[in-house]
Amino acid sequence: MSELSVNHLLGIKYLKKDDIKLIFETADHFKEVINRPIKKVPSLRDITIANLFFENSTRTKLSFELAEKRLSADIINFSASQSSVKKGETLIDTVNNILSMKVDMVVMRHPNPGSCVFLSEHVNASIINAGDGAHEHPTQALLDTYSIRERLGEVRGKKVVIVGDVLHSRVALSNIFALQLLGAKVMVCGPKTLIPKYIDKLGVTVETDLKTALNWCDVANMLRVQNERMAISYFPSNREYTQQFGLNREILESLDKEITIMHPGPINRGVEITSDVADSDQAIILNQVENGVAIRMAVIYLLASKIKQ
Ligand code: CP
């Protein structure tokens, strides 16, 4: 396979296994490039990309921007809080105004699930989903599975548990799709109130005891409790959540094997994970962030190749 089967990256559910393999092979090349003294290639000198962030972001926004700069694309950055969206402009009007400035590709984060699919059906540009509400965060799942491949050699056959607020997590859904496409076994673990009712229909197992889940897995991906998406309280207090589902050194040392620890960030230190675990050699949290740049370079490069045809 030499090109992606899709013209947009809207979610992992639209990808085939070969798409992910191609993205990983391309990311391997770009990872080597960004470790050279001169970290830049001229590949996308003729491409202009708009980064539209309607929701807060640190890692994803900076990682996309760096990936675009490393590929020599021209970029414009848009933040909803400083824009005419505040004056009542619609999403399609905003994006079409930006596209009339001859933009080829749009990277968008938006609080509404499905907003990137909607945009791809109404505007003439390649769309990359940088996180749409509690729906999907495809580049996060790609960098997560790429980081598992890097640490453990391959993803196929590995057992991965996703722990915590699965209900509000776009990272969880995209990871479930990506891990299953690549042949991993997936479990989710958390309070029953934070596990979607029909999640077993996706072929994952459900566990409510953290130690049982950790004893089963090779990799634990710890999710942040997404208070900003909760209108009501889903557990009695942070203290009780941490007692039952927080990862700490004591529980890791009680296991009879060493597991790999992941977190998509931002971390709530002391809630879902203690600082000593997050900063330990078992954790690959900063490797995930580093790999995000190479993965996003690969996605942008492969989608841009389709625009140029
Ligand atoms: N992992 C992630 O999406 O982080 P940001 O919200 O900081 O982009």
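Residue numbers count from 1 along this sequence. If you're wondering where the values come from, they're calculated on a predicted model, not measured in any experiment. We count ligands from 1, going down the list as the structure has it; atoms in each ligand are counted the same way.
Applying the side-chain hydrogen bond (donor to acceptor under 3.5 Å, both in side chains) definition to pairs two or more places apart or across chains, those involving residues 121-131 are N129-D132.
Residues H263 and E272 have side chains in contact (heavy-atom distance under 4.5 Å, counting atoms from C-beta outward). With a 4.5 Å cut-off on side-chain heavy atoms, T145 and F24 count as touching.
Under the ring-ring contact (aromatic ring centres under 6.0 Å, His included) criterion, F54 pairs with F78, H110, not counting sequence neighbours.
For ligand 1, the 4.0 Å heavy-atom shell contains residues S57, T58, R59, T60, R109, H137, Q140, P264, G265.
A cation-pi arrangement is present between R296 and F64, with the terminal nitrogen or guanidinium carbon under 6.0 Å from the aromatic centre and inside a 45° cone about the axis.
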With a cut-off of 3.5 Å and sequence neighbours excluded, list every side-chain donor-acceptor pair involving residues 6-17.
{"residue": "N7", "atom": "OD1", "partner": "K306", "partner atom": "NZ", "Å": "3.3"}
{"residue": "H8", "atom": "ND1", "partner": "I127", "partner atom": "N", "Å": "2.9"}
{"residue": "K13", "atom": "NZ", "partner": "H135", "partner atom": "NE2", "Å": "2.8"}

